[in-house]
Amino acid sequence: MFDEKELKKIEEIKSRYPESNAALLPVLWMIQEKHGWISEDSMKYVGDLLDISYEHILGVVTFYTMFNQKPVGKYHLQICTNVSCMLRGGYELFKYTSEKLGINNKETSDGDMFTIEEVECLGSCATAPMMQVNNKEYYENLTNEKIDELIKKLHEDSQSYTKAH
Amino acid sequence: MMKIILKDIPDLHKIDVYETNGGYEALRKALKEMKPEDVTEEVKKSNLKGRGGACFPTGLKWTFMPKGNEKPKYLCCNGDESEPGSFKDREIFERNPHQFIEGTLLACYAMGCKTAYVYIRGEYYKWINLLQTAIDDAYKKGYIGKNILGSDFSTNIYIHRGAGAYICGEESALMNSIEGKRGYPRVKPPFPAANGLWGNPTTINNVETLSNVPEIVKNGGEWFSKIGEPKHPGTLLFGVSGQVNKPGVYELETGIPLMTIINDYCGGVLDGKEIRMIIPGGTSMPPLTREEALTIKMDNESLKAIGSSIGTGGVIVMNEDADIPKVLERIAHFYYHESCGQCTPCREGTGWLLRILKRINKGQGKMSDLDLLIDISENIEGNTICALGDAAAWPVKWTIRKFRKDFEAKIPIEEFDLPVRNKVHSLR
Ligand SMILES: Cc1cc2nc3c(=O)[nH]c(=O)nc-3n(C[C@H](O)[C@H](O)[C@H](O)COP(=O)(O)O)c2cc1C
Ligand code: SF4
Ligand code: FES
């Protein structure tokens, strides 16, 4: 599952902690960045790698909401609806995006392009409403128009990606 | 207004700009002229209080760490920042990461920690990368690592990325998360200074708390103790959000009137409307009414005096348009979602609070529900392993006490108790 370079990286991560099972979270992150989610096979693989039981890993994966336990769309749109965003139209933005893509909370659109999810405060309350894409980029001060533009752009990115590969 | 952390210096996040503006001088000074206990002494003198929410005196906390070196000692820097309405630590990672790193190094020197872990919420991918760049640069220049600046002091700093769990901001859950476990809070005692990471002495400090330390070491604790409100001195990074014209992070001295922050810095309330409710320090803090907001000063002593607290300094402003019971339902949903489930009062109680608030908002509530909500809150409060239980209970209890009319307005008339119903009939 991991190549030579990645295995070397894991050794470096292990050296940061006095006990190697502390490397579990960083290694699970590596799995998710590579595969988009964490499967049962991945958990078993990580268990062998770090000498941790599968049960313990399953417990950890199910505890942390950012670890995907099933595949998500190519673009995982996480829209905050907590108080500060709610006061600035977070729910309306979520509804708009959900209707535009024709999917409900935690659903994935046809062709596995988009998954949308209502999430808790992302620490970006001054630039509400906002969302995060693929656990990475923040998109702030959003409006319906900005959602239109972004979704159009993501569609284009995806097409040019498919063409290039 | 004095600025200690978010100084108006362009490109301060770059190591050479930080250095030309006096950066890493406090570390140099400490390593050359001060014993570790002298650093702790200055921090004690400064009267710096923790910025992570509990306002615990930082210098005092450091003295809880054992002196000797029988066991390895650890520092955890808390950058979990997941309390709704809080977004200040991210500003430090972006605008002045080296001052945070220098503060971390000084804390490690003072307490004899050879390793510091910076716990950052998993969503802060961008800010984790920004801080990692700063850490890498500091390693290259010999500020972190072995024999720092030629001394016999060595420390490593590592970032540990969270993965989406508010509870991991609680200090003992944070340690479990670093150890690669589920983020369950631990029963205290034992306290972290005696039994923390892997059973070793550990101190946990917030990112903003540590970022104040270099200036304290450079200018002396007494200097710091005179800034702002003496009982809670220094500046705070107020994160203002909600219905104001210019939301954002403002570094201001403690004791500043809340209305000065809103009117002079945030451009006033959105649409020129009246204030309805203000949450002063993240969603777990009891809210303020308009009347309270008009006169309150923003420091922990003043807020404590009216039954609230400064928390994380995350100010959420609501104007007349806000639907208070809906806001409270959203807050209750958050704590229900984030409860780790270890204690029955918190696991079950947060669900009850949410379900009752939901039915009230649907117009299916009863008058007795309001007292029931307060009753449940009071049964959660103080009966749990960690303070998430209190954090879930306080906003419910105090919002209903202070804004009861807003909730009553959602109760259908047939659900009023008889005498009240008659009264309302005659009013209508
Ligand atoms: C549920 C819960 C969440 C918390 N989240 C944070 C957090 O995100 N950041 C933080 O610094 N402290 C948080 N705290 C407080 C920490 O437990 C701890 O008191 C703090 O990090 C100590 O640092 P300080 O003394 O510098 O304030 C939280 C506490 C609780 C109960
Ligand atoms: S109070 Fe809640 S979050 Fe804290 S340990 Fe108990 S169940 Fe978990
Ligand atoms: S409430 Fe949405 S980012 Fe904080």
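Here is how names work: the chains are called A, B, and so on, in the same order as the sequence lines, proteins then strands, and each is numbered from 1.
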Note to self: Tell me if the NZ atom of A/Lys34 is crowded by more than 12 foreign heavy atoms within 6.0 Å.
What the structure shows: yes
Checklist line | Toward chain A, the part of B/Tyr158 with a non-hydrogen atom under 4.5 Å | finding: side chain
Item checked: 4.5 Å side-chain heavy-atom contact, A/Glu120 and B/Pro84 -> no
Notebook entry, point to check: Listed by chain and number, what are the side chain to side chain contact (heavy atoms under 4.5 Å, CB included) partners of A/Glu117, not counting sequence neighbours?
Noted result: A/His76, A/Gln78, A/Asn105, A/Lys106, A/Val119
Note to self: Counting only non-hydrogen atoms closer than 4.5 Å, does B/Lys88 touch chain A with its backbone (N, CA, C, O), its side chain (CB onward), both, or neither?
What the structure shows: neither
Check: Can A/Tyr64 and B/Cys168 be said to form a side chain to side chain contact (heavy atoms under 4.5 Å, CB included), step by step?
Finding: CA-CA 10 Å; A/Tyr64 296 92; B/Cys168 290; 3.7 Å; yes
Checklist line | Worked verdict on A/Glu33 versus B/Arg161 for salt bridge (charged side-chain N to carboxylate O under 4.0 Å, His left out) | finding: CA-CA 13 Å; A/Glu33 306 232 305; B/Arg161 183 182 184 189; 3.5 Å; yes
Notebook entry, point to check: Side-chain donor-acceptor pair under 3.5 Å between A/Tyr17 and B/Thr115, yes or no?
Noted result: no
Notebook entry, point to check: With only heavy atoms counted, which part of A/Arg88 is less than 4.5 Å from chain B, the side chain, the backbone, both or neither?
Noted result: side chain
Check: Would a 4.5 Å heavy-atom cut-off, applied to side chains only, mark B/Lys126 and A/Lys136 as touching?
Finding: no
Note to self: Regarding A/Tyr138 and B/Arg90, do their side chains bring together a donor and an acceptor under 3.5 Å, going by distance alone?
What the structure shows: no
Next item on the list: Please determine, among A/Gly123, A/Ser124, A/Cys85, the option with the most heavy-atom pairs under 4.5 Å with chain B.
Entry: A/Gly123
